Visitor: 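Would you mind keeping the following structure in view while I ask a few things?
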2 protein chains.
Amino acid sequence: MKNQPSTSPSSSDKILVAATRIAQAHGFGGLNMRALADDLGIKAASLYYHFSSKADLAAAVARLYWEDSAATLEAFLIETPAPAECLRRYPNTFRKSLESDNRICLCSFMTAEYDDLPEGVRAEVRAFTEVNVAWLKRVIVAGAMVGAQDAENRAQAIFAAVSGAQLMARGRSDITLFDTLIDSYRAAGLIPA
Amino acid sequence: MKNQPSTSPSSSDKILVAATRIAQAHGFGGLNMRALADDLGIKAASLYYHFSSKADLAAAVARLYWEDSAATLEAFLIETPAPAECLRRYPNTFRKSLESDNRICLCSFMTAEYDDLPEGVRAEVRAFTEVNVAWLKRVIVAGAMVGAQDAENRAQAIFAAVSGAQLMARGRSDITLFDTLIDSYRAAGLIPA
DNA sequence: ACCTGAACACCGTTCAAGT
DNA sequence: ACCTGAACACCGTTCAAGT
């Protein structure tokens, strides 16, 4: 979020963008340094000039990912001040990944791979969840939708359920299933309507 | 489910059991043929006597996994005929994976890896979801919990949400978070109580 | 400042050969 | 019937060397 808008992207930026797309489709384990280098028209060894290791690159990717997510959610709040409307639109941020070649949230994928993640990557993955849950809690509290005590629990539940819907829709390569699942959550009362 | 109870497990059975545990922790990509062979005290090349490829082994693992799941759910219905009680206990089947060294559902992990899965494995992963959704739908219809029209949607929603809760709990290595999330689903009305 | 070729130990897989 | 050693092309990574 603190990039120079009028400057062309640096080599490191281009690596981060390409690596993010690969990791959303194939995970940390499936992020292949040689294939990534091929995408960028350089050799695998060159990547190590910009990032000291695959762990270092993946941590930078995950950090950028949650920072972008945090900025998107903040912008959401500004353009859509009504809490109920904010919550109604929240699942759209997850829908966008599926629209992009059936990809999923980088951090959902990496959460599955938790055992194999370097600690530096784990910390950034956890940050993504925290940012999302904290945002949801603020909106729920602002809307006085449940007791203040229950706002944290409800926020976690919405995050987990939307993540699960995204994953299930990927397994069917069917974005309409995602929409159906979100509608079911609303009908059941999980997402205050 | 059609194994000979009084016979000692065959080499193939032992491979399947060990491979299942690895795949629940590391996924299809993280299922390392040499490490698996080491676990079993044989050489990697020997695995190819029993299974023609890693894809073939993973498909057999996923098939056994949903067959066992189907059998467990059927046994559930027999010992617990009350639909509401069945639904209340359903999340326990997912809790057990977390109890086993923070592992998750084999098929949730493989769903994340969908792009990299051989077609034979994909088919078995889809079967797991279908078995679970079909069981949930039967129970929901038997309990007359929602309109018959909505039973399918509700069954899918419960499966997606419980899967998401399992994944989120793994990312925190905190099984009590799983319990909290399931309670929140009940409080919100997603799981009929 | 940025990139590369060659090398290392590690992967899935094959296959001829062993018991 | 079941297992193995050696070999293949492929991974992440290093490093000396190039521009």
Side-chain angles (χ1 to χ4, degrees), chain A residues 3-4 7-23 25-62 106 109-110 113-122, chain B residues 3-4 7-23 25-62 106 109-110 113-122:
Chain A
N3 45 350
Q4 305 88 335
T7 313
S8 62
S10 69
S11 297
S12 295
D13 288 345
K14 281 190 268 190
I15 293 169
L16 286 170
V17 169
T20 301
R21 285 187 59 84
I22 294 175
H26 307 287
F28 174 76
L31 175 56
N32 180 318
M33 299 296 272
R34 289 171 202 259
L36 170 60
D38 273 354
D39 268 12
L40 297 162
I42 59 176
K43 298 295 167 186
S46 307
L47 295 170
Y48 291 81
Y49 174 76
H50 300 280
F51 299 94
S52 69
S53 65
K54 177 173 164 173
D56 183 47
L57 169 60
V61 164
L106 179 77
F109 209 141
M110 288 187 170
E113 294 175 295
Y114 207 71
D115 275 12
D116 300 315
L117 250 35
E119 179 50 34
V121 182
R122 286 184 185 178
Chain B
N3 45 351
Q4 307 87 335
T7 312
S8 62
S10 70
S11 297
S12 296
D13 288 344
K14 282 191 268 189
I15 293 170
L16 287 170
V17 169
T20 301
R21 284 187 60 84
I22 294 175
H26 307 287
F28 174 76
L31 176 58
N32 179 319
M33 299 296 272
R34 290 171 202 258
L36 170 60
D38 273 355
D39 268 12
L40 297 162
I42 59 176
K43 298 295 167 187
S46 307
L47 295 170
Y48 291 80
Y49 175 76
H50 300 280
F51 299 94
S52 69
S53 65
K54 177 173 163 175
D56 183 46
L57 168 60
V61 164
L106 178 77
F109 208 141
M110 288 187 170
E113 295 176 295
Y114 206 71
D115 275 11
D116 299 315
L117 251 35
E119 179 50 36
V121 182
R122 286 185 185 177

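Since this is a predicted model, take the numbers as computed values, not measurements.
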Visitor: What residues, two or more places apart in sequence or in another chain, satisfy side chain to side chain contact (heavy atoms under 4.5 Å, CB included) together with B:Ala23?
Guide: B:Leu106, B:Met110

Visitor: Just to be sure I understand the geometry, which residues of residues 25-40 of chain B put a non-hydrogen atom under 4.0 Å away from DNA chain D?
Guide: none

Visitor: What pairs of residues pass the side-chain hydrogen bond (donor to acceptor under 3.5 Å, both in side chains) test when at least one of them lies in residues 26-54 of chain A, not counting sequence neighbours?
Guide: A:Ser12-A:His50, A:His26-B:Asp116

Visitor: About how many Å separate CG of A:Leu47 and CD1 of A:Ile42, when rounded to the nearest 0.5 Å?
Guide: 4.5 Å

Visitor: Which of these, A:Asp56, A:Ile22, A:Thr20, A:Val121, sits in a side chain to side chain contact (heavy atoms under 4.5 Å, CB included) with A:Val61?
Guide: A:Thr20

Visitor: Return the minimal non-hydrogen interatomic distance between B:Ala44 and B:Ala37, and the atom names on each side.
Guide: N-CB, 3.4 Å

Visitor: To check you understand the geometry: which heavy-atom pair defines the closest contact between B:Ala55 and B:Phe28, and what is its length?
Guide: CA-CE1, 4.4 Å

Visitor: For A:Gly29, is there any backbone N or O sitting under 3.5 Å from a side-chain donor or acceptor partner on A:Glu113?
Guide: yes

Visitor: When rounded to the nearest 0.5 angstrom, what is the spacing between CG in B:Leu31 and CG in B:Leu57?
Guide: 6.0 Å

Visitor: If I compare all heavy atoms of A:Ala19 with all of A:Leu36, which pair ends up nearest, and what's the gap?
Guide: N-CD1, 3.8 Å

Visitor: So which atom in B:Ala25 and which in B:Phe109 form the shortest heavy-atom distance, rounded to 0.1 Å?
Guide: O-CE1, 3.5 Å

Visitor: So that I can compare with my own list, what are the stems of DNA chain D, taken as at least three consecutive Watson-Crick or G-U pairs with distances under 3.5 Å?
Guide: C:4-8 with D:12-16, C:12-16 with D:4-8

Visitor: With a 4.0 Å heavy-atom cut-off, tell me which residues in residues 45-55 of chain A come close to DNA chain C, sorted by residue number.
Guide: A:Ala45, A:Ser46, A:Tyr49, A:His50

Visitor: Can you give me the closest heavy-atom contact between A:Ala59 and A:Gly120, atom names plus distance?
Guide: CB-O, 3.9 Å

Visitor: Considering only heavy atoms of chain A and a distance under 4.0 Å, specify the first and last nucleotide of DNA chain D in 5' to 3' order that meet this criterion.
Guide: D:dC11 to D:dC15

